[in-house]
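Reviewing the structure listed below.
Counting starts at 1 for both ligands and their atoms, following the listed order.
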Amino acid sequence: MQHYRDDFPILGREVYHRPLVYLDNAATTQKPRCVVEAMTAQYYETNANVHRGVHFLSQRATDLHEGAREAVRRFINARSTAEIVFTRGTTESLNLVASSFGEGFLKAGDEVILSTMEHHSNIVPWQLLRERKGIVLKVIPMDDRGVLDLDAYRALFTDRTRLVSCCHVSNVLGTINPVAEMARIAHDAGAYFLVDGAQSVPHFPVDVQALNCDFLVFSGHKIYGPTGIGVLYGKEALLDKMPPYQGGGEMIARVTFERTTYERLPFKFEAGTPDYVGTHGLAAALDYVSAIGMERIAAHEDDLTRHCMERLSCEIEGIRLFGEAPAKTSVVAFNVGHLHPMDLGTLLDRLGIAIRTGHHCAQPLMARCGVEGMARASFALYNTREEVDTFVDALRRVVRMF
Ligand code: PLP
């Protein structure tokens, strides 16, 4: 994968006179030239607002925007582009579902199941809904390796359970949850299943029909695409029954002061001018990773993850690794003795190595692990074994300083 590094100009830069080693990919990935160039070209050559425009540029921009929707459909194997809603990112997609599904499908006393390892963006929207509607939230426990307890999960269902909303891959532990099996259990109990794919879609092939999930959400910026664009996939029949999320232009069929009717899917959920340059950039990113091959990316990142875990556990005295599930990818979270993760991150930064420290927007998971924060290295297709070695060697050096 080494030669793909040349596609990412930022990887050639230095930080504090040292070559940049970028290991903060779970937060956001770097962008290949083709994504930036596609967006620049659109601004320079094809910029016009989309939909309804009769002029050349508007029609061309609309073609690119709707072409991007088809690229997303193909990438996650949805049945129809009607099932692909563009949002600002995973967070907005989750808020859309909590708000609209919550409005249309949930009453006081209805239950939504989450897991211990959710990102705040898959917790707080449901808590806001709980405040508005009096729904009940239940949480799937996990063991010390970071594996969800499926027996406990099965036992959470009652005749009031309406939805399970769970991450496919934990942004802290890297655990790959068995979401296809979990969706089957939810469906057997008469509940819907949402997959937070923010940390899975960028790392291995995800097929919504194979998973048979009802919703899937992800962010463009974590899969080499631009910031500010994301996706909500929803089964057409379900989206069709859900009320609009926001009102405005684009999402209406006809407006009078007495009554408004709504556009067909997916436009019903896309009020206002969409980020049509962002969707074009996202399509370029999806084309880019598809040309490399998601299976190849997965195998490479798996190798980096195993190599990193092995070296850390053998060579760093006092290390505690978080997340040792058998099915795991691309994320290695750790603490060393009583050293503050922020100190580790700051000192590694001076050596050119970018990792993330803190609670990783998963404070309930931090509480489960009995810590305030962790350090986290996370990998992307352009990282190398040499970079992992540089990171582990630097960590040894930093730890010796204390
Ligand atoms: N869900 C998971 C599992 C994540 O890792 C993240 C971001 O780190 C999010 C949701 C939120 O994504 P965004 O900030 O792009 O909306």
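- Residue nearest to atom 15 (O) of ligand 1, selected from S200, C166, P202, S219: S219 (by heavy-atom distance).
- Residue-ligand proximity, N171 to ligand 1, at heavy-atom distances under 4.0 Å covers atoms 5 (O).
- The protein non-hydrogen atom at the shortest distance from atom 6 (C) of ligand 1 is H119 CD2, 3.3 Å.
- For the pair R73 (side chain) and A78 (backbone), a donor-acceptor distance under 3.5 Å is present.
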request  = Evaluate the ring-ring contact (aromatic ring centres under 6.0 Å, His included) criterion for residues F402 and H340: first the C-alpha distance (whole Å), next the side-chain angles of each, then the deciding distance (0.1 Å), finally the verdict.
outcome  = CA-CA 11 Å; F402 289 93; H340 199 289; over 10 Å; no

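- Taking the six-membered ring for Trp and the full ring otherwise, the centers of H51 and Y276 sit at least 6.0 Å from each other.
- Looking at ligand 1, you'll find an N or O of K222 within less than 3.5 Å of one of its N or O atoms.
- The aromatic rings of Y382 and Y224 sit perpendicular, their planes meeting at an angle over 60°, well past the 30° parallel limit.
- When the heavy-atom distances from atom 1 (N) of ligand 1 to D196, L94, T91 are ranked, the shortest goes to D196.
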key: Stepwise ring-ring contact (aromatic ring centres under 6.0 Å, His included) check, F8 with Y22   = CA-CA 12 Å; F8 296 82; Y22 185 77; over 10 Å; no

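- In this structure, H221 has a heavy atom closer than 4.0 Å to ligand 1.
- Close contacts between ligand 1 and Q199 involve ligand atoms 3 (C), 4 (C), 5 (O), 8 (O) [criterion: under 4.0 Å to a heavy atom].
- The ring pair (Phe, Tyr, Trp, His ring centres under 6.0 Å) check on Y153 picks up F157, with sequence neighbours excluded.
- Taking atom 10 (C) of ligand 1 as the reference point, the nearest protein heavy-atom neighbour is S121 OG, 3.1 Å.
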